[in-house]
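Quick note on labels: first sequence line is chain A, next is B, and so on, each numbered from 1. When reading the values below, keep in mind they use all heavy atoms of this one structure, side chains included, and skip hydrogens, waters and symmetry mates.
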Amino acid sequence: MVEMRILRSDPEGVVNAYRKRNLPDAQLALVGELIALDDRRKSLQHGLDNDQARANQLARQIGEFMRSGKAEEAAGLRAEVARIKETTRVAGEALEDVRTSIEEKLISLPNLPHPEVPPGSTADDNEVFKMGSMAIPQLADGALPHWELARKYRLFDMEAGARLSGSGFVLYRGQGARLQRALIQFFLDEAVRAGYEEIHAPLLVNAETARATGQLPDKEGQMYYVERDELYLIPTAEVPVTNIYRDALLREDELPVKLCGYTPCFRREAGSYGAHVKGLNRVHQFDKVEIVRLEHPEHSQAALVQMLDHVEGLLQKLELPYRILRLCGGDLGFASALTYDFEVYSAAQARWLEVSSVSNFETFQSNRMKLRFKNARGESVLVHTLNGSALALARIVAALLENNQGPDGIAIPTALRSYTGFDSIC
RNA sequence: GGUGAGGUGGGUGAGUGGCUGAAACCAACGGUUUGCUAAACCGUCGUACCUCGAAAGGGGUACCGAGGGUUCGAAUCCCUCCCUCACCGCCA
């Protein structure tokens, strides 16, 4: 949720920034509407406070009259209190309406794009920020896409997943299952080594939690919902992990907070059909290690760079060809101010697959969840939140299988061998 | 799922209708003392919003799990919900 403070301080700048996101005029108009509503809110609050101060004063006087036996005087004041109460009731309702209206409008506005966000409207306009040094592998004739490799080496079974749950659910087995576990362990170890505290979080969260990180209301349809208990299956570890600090008021010296967590991620996403969603390219449940940081506003950009380095290091250790994209305004996620996507090249499909998204949310999430720290001057300041995948498994597996296939099987990258316990899949 | 006991400021914990935004103690912070440390002593010490002020700072309102209600007045009385703890039942 964008800070009202920012809207008020520079409405024109805000509107201009939103143009980068290609927001429709109706949404841009909200900026002015919100400021007007906020003015109204202040004036209602002012009136209400004054009336209540008066009522409190009268109540005290009535008490004194009662004690000293002046019943008539007390009765007269009671009548006045009754009048004031009626006024405050009306004002209170009006204030509540204005608040609700502000909340509704504010929550419908996406985050302001960071100045570094390139212009553009679709994924095609994303800027290639960096190409990894690993060469794109040249596969021999007859190289197979990962879903064929899975069949050949009995690594995972989409049909079984479909039978158990539905299409888009995967059952891993044998070396395929082992590879999953190895990657999770590897990613967690690397994150912990980089100073992130490991979190093992609940996979079902309540509505308030989903709202705080921005999944509700804007991505409601993306989440699985357990109606009977009013709980959502998490679409990413970001949700429970960031929410650990909901409503927190930290000391400045507690920053930065660096957390990581492995969870399965559940996504309903209807999506398209055909080759694009075949195999592991897009599934309803996948595994991911997420890194999350709570930062002092002055340090969040530096933190973002560190996170990019961390993710890049993982891909280098896995010896995967990758590139880093800087998302353009039109492709930027609702809650994000600045996002870098990592894509790995999946050679048999001859396409880039998104395996990580690293974002700085600045105060968008912390404003929703009232996550602040106290600065040296004693003021409460919203922290910046950041997170990134480090890394998402399913597509990494797809690329690993395809890129490393050869006549003698599929080679496991050196860094992973102590985790898998085998050097190749055969 | 059943029964019982509770939810007060960073912590412990007092407070059953007005002078309680809340005692006391601990922690924390600033200071005095001290060769240093400790102790002792003095002071500060919740959050949000509105408002006055250039600022320093001042004034006001709300908040004692959440939401309603009674009352001139509620941390205190009533109702609903949530959560925690204990015991029983069930159970990976």
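- Of the charged side-chain nitrogens involved, at least one lies within less than 4.0 Å of a carboxylate oxygen, so that A:Arg8 and A:Asp39 count as a salt-bridged pair.
- The aromatic rings of A:Tyr419 and A:Phe186 sit perpendicular to each other, their planes meeting at more than 60°, with 30° as the lower class boundary.
- The same atom, C1', is picked in B:rG7 and in B:rA66; the two are 12 Å apart, to the nearest Å.
- What separates CD of A:Glu80 from P of B:rU71 is a distance of 19 Å, to the nearest Å.
- As rounded to the nearest Å, B:rA24 and B:rG43 have P atoms that lie 11 Å from one another.
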What pairs of nitrogen or oxygen atoms, one from the protein and one from nucleotides 50-55 of chain B, lie under 3.5 Å apart?
residue: B:rC50; atom: OP1; partner: A:Arg41; partner atom: NH2; Å: 2.5
residue: B:rC50; atom: O2'; partner: A:His46; partner atom: ND1; Å: 3.2

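- OP1 and OP2 of B:rA28 both lie 4.0 Å or more from every side-chain N or O belonging to A:Arg251.
- Taking both residues in full, the closest heavy atoms of A:Ser389 and A:Val355 are given as CB-O, 3.9 Å, listed atom of the first, atom of the second, then distance.
- Comparing the P positions of B:rC63 and B:rA22 gives a spacing of 14 Å, expressed to the nearest Å.
- Taking atom C1' on both nucleotides, B:rC64 is separated from B:rC77 by 16 Å, rounded to a whole Å.
- Of all nucleotides present, only B:rA40 satisfies the Watson-Crick or G-U wobble test against B:rU32, with each distance under 3.5 Å.
- Look at B:rC90: it lacks any Watson-Crick or wobble partner with both distances under 3.5 angstrom.
- You'll find the side chain of A:Leu231 stays beyond 4.5 Å of the side chain of A:Tyr225, heavy atoms only.
- The CZ-C1' distance, from A:Arg60 to B:rA74, rounds to 15 Å in whole Å.
- The same atom, P, is picked in B:rC26 and in B:rU80; the two are 41 Å apart, to the nearest Å.
- When rounded to the nearest whole Å, the span between CG of A:Asp247 and P of B:rA66 equals 12 Å.
- For B:rC81, the paired base is B:rG65 (Watson-Crick or G-U wobble, both distances below 3.5 Å).
- Of the nucleotides present, B:rC72 is the one that pairs with B:rG18 by Watson-Crick or G-U wobble criteria, both distances under 3.5 Å.
- A cation-pi geometry, defined here as NZ or CZ lying under 6.0 Å from the six-membered ring centre and within 45° of its normal, holds between A:Lys258 and A:Tyr196.
- Remark: A:His46 engages no residue in a ring-ring contact (aromatic ring centres under 6.0 Å, His included) (not counting sequence neighbours).
- Atom pair A:Asp253:CG and B:rG10:P shows a separation of 17 Å (rounding to whole Å applied).
- Spacing between atom CD of A:Glu96 and atom P of B:rA48 amounts to 19 Å, rounded to whole angstrom units.
- The interatomic distance linking A:Leu231 (CG) with B:rC82 (P) rounds to 13 Å, in whole Å.
- Using Watson-Crick or G-U wobble geometry with both donor-acceptor distances under 3.5 Å, B:rA54 finds no partner in any strand shown.
- Using N1 to N3 plus N6-O4 or O6-N4 for Watson-Crick, or N1-O2 and O6-N3 for G-U wobble, each under 3.5 Å, B:rU12 pairs with B:rA24.
- Using cut-offs of 30° and 60° on the angle between ring planes, the pair A:Tyr224 and A:Phe266 is perpendicular.
- Distance A:Asn56 CG to B:rG21 P: 10 Å, rounded to the nearest Å.
- Rounded to a whole angstrom, the distance from the C1' atom of B:rA38 to that of B:rU32 is 16 Å.
- Within 4.0 Å (heavy atoms only), A:Leu48 reaches no atom of the nucleic acid at all.
- OP1 or OP2 of B:rG73 has at least one side-chain nitrogen or oxygen of A:Lys85 nearer than 4.0 Å.
- Judged by closest nucleotide on RNA chain B, A:Ser380 is the one of A:Ala82 and A:Ser380 placed further toward the 5' end.
- In this structure, B:rC45 makes no Watson-Crick or G-U wobble pair, since no nucleotide meets both defining distances under 3.5 angstrom.
- With hydrogens and angles left out, the side-chain atoms of A:Ser346 and A:Glu402 include a donor and acceptor closer than 3.5 Å.
- Across B:rG10 and B:rG1, the matching C1' atoms stand 37 Å from one another, rounded to whole Å.
- The nearest whole Å value for the distance from the CG atom in A:Leu77 to the P atom in B:rU71 is 18 Å.
- Looking at heavy-atom distances under 4.0 Å, A:Arg99 makes no contact with the nucleic acid at all.
- Separating the P atom of B:rU20 from that of B:rG60 is a span of 15 Å, rounded to the nearest Å.
- Separation of the A:Phe373 and A:His296 ring centroids falls under the 6.0 Å cut-off.
- Taking the nucleotide of RNA chain B with the nearest heavy atom to each of A:Asn50 and A:Glu64, the more 5' of the two is matched to A:Glu64.
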